[in-house]
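Before any comments, here is the structure.
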Amino acid sequence: YTLDFQFLIASLSFVTFAVDHIYPQNRLQLSFTLVLTAVAFKFVVNQCLPRVSYLTYLDRYVLVSLVEVTAVCFWHGIQTKLNITDSNDYIAMITILACYLLYNVQFFIRILMGV
């Protein structure tokens with residue numbers, strides 16, 4: 001269930017693009033709420049697992065999900081300083097989404113292959 005919930009939390013970051021880009025404060029508020037949710041979920045999961053000195057598959061997945069949510073936050077933050085149009089915003093969303101989906105595909109292929 002852990003990967004499912006982490007995937008859902010990270011996927012919800014793309015919903016922030018539904019808020020009009022002229023309201024970056026609303027987008028940032030939603031994005032940072034998701035960052036805090038993901039970090040809290042990471043701490044809860046880490047308390048339930050044995051401590052090891054290396055990164056497990058779960059650790060890597062959670063870290064990449066946090067990077068994705070942070071990238072969305074970063075985009076919403078810098079859009080206030082750039083001349084953003086709807087098409088630029090759409091391109092940013094598609095780019096971040098494509099990277100995250102490609103990571104998920106390769107991650108699950110590696111898990112299925114046992115690599």
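Hydrogens, waters and symmetry mates are skipped; everything else that's a heavy atom, side chains included, is used. Note that the numbering runs from 1 along the sequence shown for the chain.
Residue L55 is found in a hydrophobic cluster whose other members, listed by chain and number, are L63; membership requires side-chain heavy atoms under 4.5 Å apart, directly or through intermediates. Hydrophobic cluster membership for Y54: V52 (Ile, Leu, Val, Met, Phe, Trp, Tyr linked by side-chain heavy atoms under 4.5 Å, directly or transitively). Counting Ile, Leu, Val, Met, Phe, Trp and Tyr side chains that sit under 4.5 Å apart, directly or through other members, L28 shares a hydrophobic cluster with F32. When hydrophobic residues (I, L, V, M, F, W, Y) are linked wherever their side-chain heavy atoms come within less than 4.5 Å, the members clustered with V19 are I22, Y23, L30.
Residue pairs meeting the salt bridge (Lys or Arg N to Asp or Glu O under 4.0 Å) criterion with at least one member in residues 23-41, sequence neighbours excluded: R27-D89. Every pair tested for salt bridge (Lys or Arg N to Asp or Glu O under 4.0 Å) that includes a residue from residues 68-79 fails, sequence neighbours excluded, so the list is empty. Annotation: salt bridge (Lys or Arg N to Asp or Glu O under 4.0 Å) contacts involving residues 97-113, sequence neighbours excluded, are absent. Legend: salt bridge (Lys or Arg N to Asp or Glu O under 4.0 Å) pairs involving residues 69-85, not counting sequence neighbours: none detected.
Every residue two or more places apart in sequence or in another chain was checked for a side-chain hydrogen bond (donor to acceptor under 3.5 Å, both in side chains) with S31, and none qualifies. With sequence neighbours left out, the side-chain hydrogen bond (donor to acceptor under 3.5 Å, both in side chains) criterion links T16 to H76. Scanning for side-chain contact (heavy atoms from CB on, under 4.5 Å) contacts around I109 gives V105, M113, with sequence neighbours left out. Partners of T56 according to the side-chain hydrogen bond (donor to acceptor under 3.5 Å, both in side chains) rule, which considers only residues two or more places apart in sequence or in another chain, are D59.
Here T85 contributes atom OG1 and Y90 contributes atom OH; the two are 13.0 Å apart, rounded to the nearest 0.5 Å.
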Using side-chain contact (heavy atoms from CB on, under 4.5 Å), reason through F5 and V45 one step at a time and then give a plain yes or no. CA-CA 11 Å; F5 288 128; V45 168; over 6 Å; no
